[in-house]
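Working notes, beginning with the structure itself.
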Amino acid sequence: MPSPKTLLIPALLDVHWPLLRWVFATPEWEPVILEHNRAQVEDAGLRNTHNDLCYPFVLITGQVLRALRSGAYDLARTGVLISQTGDGCRGSCLIRLLRPVLDREGFAQVPLLSLNTRGLEPASAFPITPGMAPRALAAAFWGDALLLLGNQVRPLEKRPGETDALVRDWQARLSRSLEAGRGLSLHAVLRRCREMAQDFRSLETDGERPIQEVALVGDIYSKYCSLGNWNLTEYLERRGCRVWVNGLTWYALYYLDSHLELGPAPMRLGGKTLAALGGPMQRRFIRVLREAGFTVLPPYPALKALERAKLGGSRCALGSGWLLAAEAAGWVETGCRKVLSALPFQCLPGHIYGRGRYAALQRQLPGSLIVGVDYDAGLRDVTVESRVRMLVDTEL
């Protein structure tokens, strides 16, 4: 039997990808998460795309081109996985935007594989099988646990680096389970979440250290990817902040709830099945972390109801859509009154349903402060940092 081909996956989910990569491990494909250097990736992307295109596409293009030019991969046995939202976001067009670039640069033989639930680019669709669902559910909830636990403990750790070391240790242990396909029942997944919470709770912390709470919301790329937000979490933690970021499973349930009215019947059925399993699972997951003393936003239905109560509800599901405002309201209601909304510059849905609603949201949430920060290759670090400091340095 021939060895599997290499499936390159551009950066998107720093904490989750090391686990979710096993969802795409098949006898045909071996997934590899691409590493990145922002300056080099931006340069390669801008040299081969128009700078009016969305910033995530510029970074993805740069990552893919640098990987293919590196000589580290057999181009005849290499493919690239591209996720597509399947809505008005320009992220739905990544295959058609990237294909001409690769052809022009001499990589016509490298296939682009589309990952979406809407039947886009059917000739390029990555094959989805029912057997992937248990791995996807386990990896998503385990990734959420590591994200939430790590962010809440790291700013208070007494021995620097201990939290990140524990995150890496758990990623390695969980990867072995995902690779083998063992211990993926709902009960087993929650048991591992409980074990993780106990491990992070056991780390020695300094409860007297002054800390400022800042919630991070926004586009999925700017929220979960250090390449997309210029290491924002690290920047804030160096300035005495603890960063609250909601888990990926909330976004997944939002996507399944709002994007399944179109697309192939098998995809719709599979999505509804995942949503039916994911909703109750999320409630139990939240209970596990809260019982261990950690802070978690309400379940997806409650968050949706909160947005409806504060802003009258919205049916817009382009990009992060109404979920952006819902998470902002959720964090303020939880007690974190400062909210930073990170978006790629020129992300029209994000700006309309993010920045366009900040003032109305603040009127409904007295005592809160919501500040937007944009990311683009044409901006300087000092410009972005000044927006962040506007939030951090303001007294409430």
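Quick caveat: nothing in here was measured; it's all calculated off a predicted structure.
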Exercise for review: Show your reasoning for whether salt bridge (charged side-chain N to carboxylate O under 4.0 Å, His left out) applies to Glu195 and Arg192.
Suggested key: CA-CA 5 Å; Glu195 292 169 358; Arg192 301 305 289 273; 3.3 Å; yes

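- Put simply, CG on Leu166 and CG on Leu149 are 9.0 Å apart, with the number rounded to the nearest 0.5 Å.
- Distance alone, capped at 3.5 Å, places no donor-acceptor pair between the Ser320 side chain and the Leu323 backbone.
- More than 12 heavy atoms of other shown residues, nucleotides or ligands fall within 6.0 angstrom of atom CZ in Arg290.
- Although no hydrogens or angles enter the test, the distance criterion places no donor-acceptor pair under 3.5 Å between the side chain of Arg135 and the main chain of Leu19.
- Comment: Arg154 does not engage Glu157 in a salt bridge, judged by the lack of any side-chain N to carboxylate O separation of less than 4.0 angstrom.
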**Study point:** Residues Arg239, Val388; criterion side chain to side chain contact (heavy atoms under 4.5 Å, CB included); working and verdict
**Key:** CA-CA 11 Å; Arg239 280 150 185 82; Val388 176; over 6 Å; no

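- Using modelled atom types, one side-chain atom of Thr26 and one backbone atom of Glu28 make a donor-acceptor pair closer than 3.5 Å.
- Hydrophobic clustering, with ILVMFWY side chains joined whenever heavy atoms are under 4.5 angstrom apart, keeps Tyr235 apart from Val382.
- Ser83 and Leu94 make their closest contact through O-CD1, 3.8 Å (heavy atoms, listed as atom of the first residue, atom of the second, distance).
- To the nearest 0.5 angstrom, Tyr254 atom OH is 10.0 Å from Glu307 atom CD.
- Using a distance-only test at 3.5 Å, with no hydrogens or angles considered, a donor-acceptor pair links the side chain of Trp17 to the main chain of Pro10.
- Two residues are said to be in side-chain contact when any heavy atoms from C-beta on lie closer than 4.5 Å; Phe107 and Val101 fail this criterion.
- When only modelled atom types and interatomic distance are considered, Asp14 and Ser226 share a side-chain donor-acceptor pair under 3.5 Å.
- For the atom pair CG (Leu8) and CG (Leu113), the distance works out to 10.0 Å, reported to the nearest 0.5 Å.
- Within the 4.5 Å cutoff, side-chain heavy atoms of Met196 are placed close to those of Trp142.
- Listed here is the closest heavy atom pair of Leu391 and Gln212: O-OE1, 4.4 Å.
- Residues Val189 and Met281 form a side-chain contact, since some pair of their non-hydrogen atoms from C-beta on lies under 4.5 Å apart.
- A donor-acceptor pair is defined here as one N or O able to donate and one able to accept, closer than 3.5 Å; no such pair exists between the side chain of Lys223 and the backbone of Val245.
- Arg242 places no side-chain N or O within 3.5 Å of a backbone atom of Leu156 that could act as its donor or acceptor partner.
- Partners of Gln109 according to the side-chain hydrogen bond (donor to acceptor under 3.5 Å, both in side chains) rule, which considers only residues two or more places apart in sequence or in another chain, do not exist here.
- Side chain of Lys338 to backbone of Thr394: a donor-acceptor contact under 3.5 angstrom is found.
- Closest approach of Leu34 and Ala67 over heavy atoms only: CD2-CB, 3.6 Å.
- With hydrogens and angles ignored, the 3.5 Å screen pairs no side-chain donor or acceptor of Glu213 with any backbone N or O of Gly335.
- Leu46 and Leu98 end up in different hydrophobic clusters when Ile, Leu, Val, Met, Phe, Trp and Tyr side chains are linked at under 4.5 Å.
- When side chains are defined from C-beta on, Trp244 does not count as touching Thr334, because their heavy atoms never get closer than 4.5 Å.
- Linking Ile, Leu, Val, Met, Phe, Trp and Tyr whenever their side-chain heavy atoms come within less than 4.5 Å leaves Ile211 and Val392 in two separate clusters.
- In this structure the side chain of Leu174 reaches within 4.5 angstrom of the side chain of Leu146, judged on heavy atoms.
- Asp144 places a side-chain N or O within 3.5 Å of a backbone atom of Leu248 that can act as its donor or acceptor partner.
- By the 4.5 Å heavy-atom criterion applied to side chains, Asn246 and Val217 are not counted as neighbours.
- Distance check: Thr249 OG1 to Leu256 CG gives 11.0 Å after rounding to the nearest 0.5 Å.
- Under a 3.5 Å cut-off, the side chain of Arg21 and the backbone N or O of Pro31 do form a donor-acceptor pair.
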Exercise for review: Could you give me the CA-CA distance, side-chain angles and deciding distance for Phe200 and Thr163, then say whether side chain to side chain contact (heavy atoms under 4.5 Å, CB included) is met?
Suggested key: CA-CA 7 Å; Phe200 280 88; Thr163 304; 3.8 Å; yes

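- In this structure, Arg238 places its CZ atom where more than 12 heavy-atom neighbours from other residues, nucleotides or ligands lie under 6.0 Å away.
- For the pair Leu190 and Phe141, the minimum side-chain heavy-atom distance is 4.5 Å or more.
- Ion pair Glu42/Arg38 flagged as a salt bridge, since at least one NZ, NE, NH1 or NH2 atom sits closer than 4.0 Å to an Asp/Glu carboxylate oxygen.
- A salt bridge is absent between Asp164 and Arg168: the closest approach of a Lys/Arg side-chain nitrogen to an acidic carboxylate oxygen does not fall below 4.0 angstrom.
- Smallest separation of non-hydrogen atoms from Ala215 and Cys336: N-SG, 3.3 Å.
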Check your understanding: Passes side chain to side chain contact (heavy atoms under 4.5 Å, CB included), Val23 versus Leu178? Steps please.
Key -> CA-CA 8 Å; Val23 177; Leu178 291 163; over 6 Å; no

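- Phe285 and Trp250 have perpendicular rings, their planes meeting at more than 60° on a 0 to 90° scale where under 30° would count as parallel.
- Between the CG atom of Leu297 and the CD1 atom of Ile286 there is a distance of 8.0 Å, given to the nearest 0.5 Å.
- Summarising the geometry of Asn48 relative to Arg104, their closest heavy-atom pair is O-NH2, 3.2 Å, with the distance given to 0.1 Å.
- The distance from atom NE2 of His16 to atom SG of Cys225, rounded to the nearest 0.5 Å, is 13.0 Å.
- Under the 4.5 Å side-chain criterion, counting only non-hydrogen atoms from C-beta, Tyr375 is in contact with Trp230.
- Ile95 and Ile60 fall within the same hydrophobic cluster, defined by Ile, Leu, Val, Met, Phe, Trp and Tyr side-chain heavy atoms under 4.5 Å apart, directly or through other members.
- One hydrophobic cluster holds both Leu324 and Trp322 under the rule that ILVMFWY side chains link at heavy-atom gaps under 4.5 Å.
- The shortest heavy-atom contact between Leu361 and Lys310 is CD1-CB, 4.4 Å.
- Sorted by first and then second residue, the pairs that involve residues 56-80 and meet salt bridge (Lys or Arg N to Asp or Glu O under 4.0 Å), not counting sequence neighbours, are Arg69-Glu105.
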Exercise for review: Report the C-alpha distance between Tyr224 and Leu147 in whole Å, list the side-chain angles of each, state the deciding distance to 0.1 Å, and finish with yes or no for side chain to side chain contact (heavy atoms under 4.5 Å, CB included).
Suggested key: CA-CA 9 Å; Tyr224 297 118; Leu147 174 70; 3.8 Å; yes

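- Within a 6.0 Å radius of CZ in Arg173, more than 12 heavy atoms belonging to other residues, nucleotides or ligands are found.
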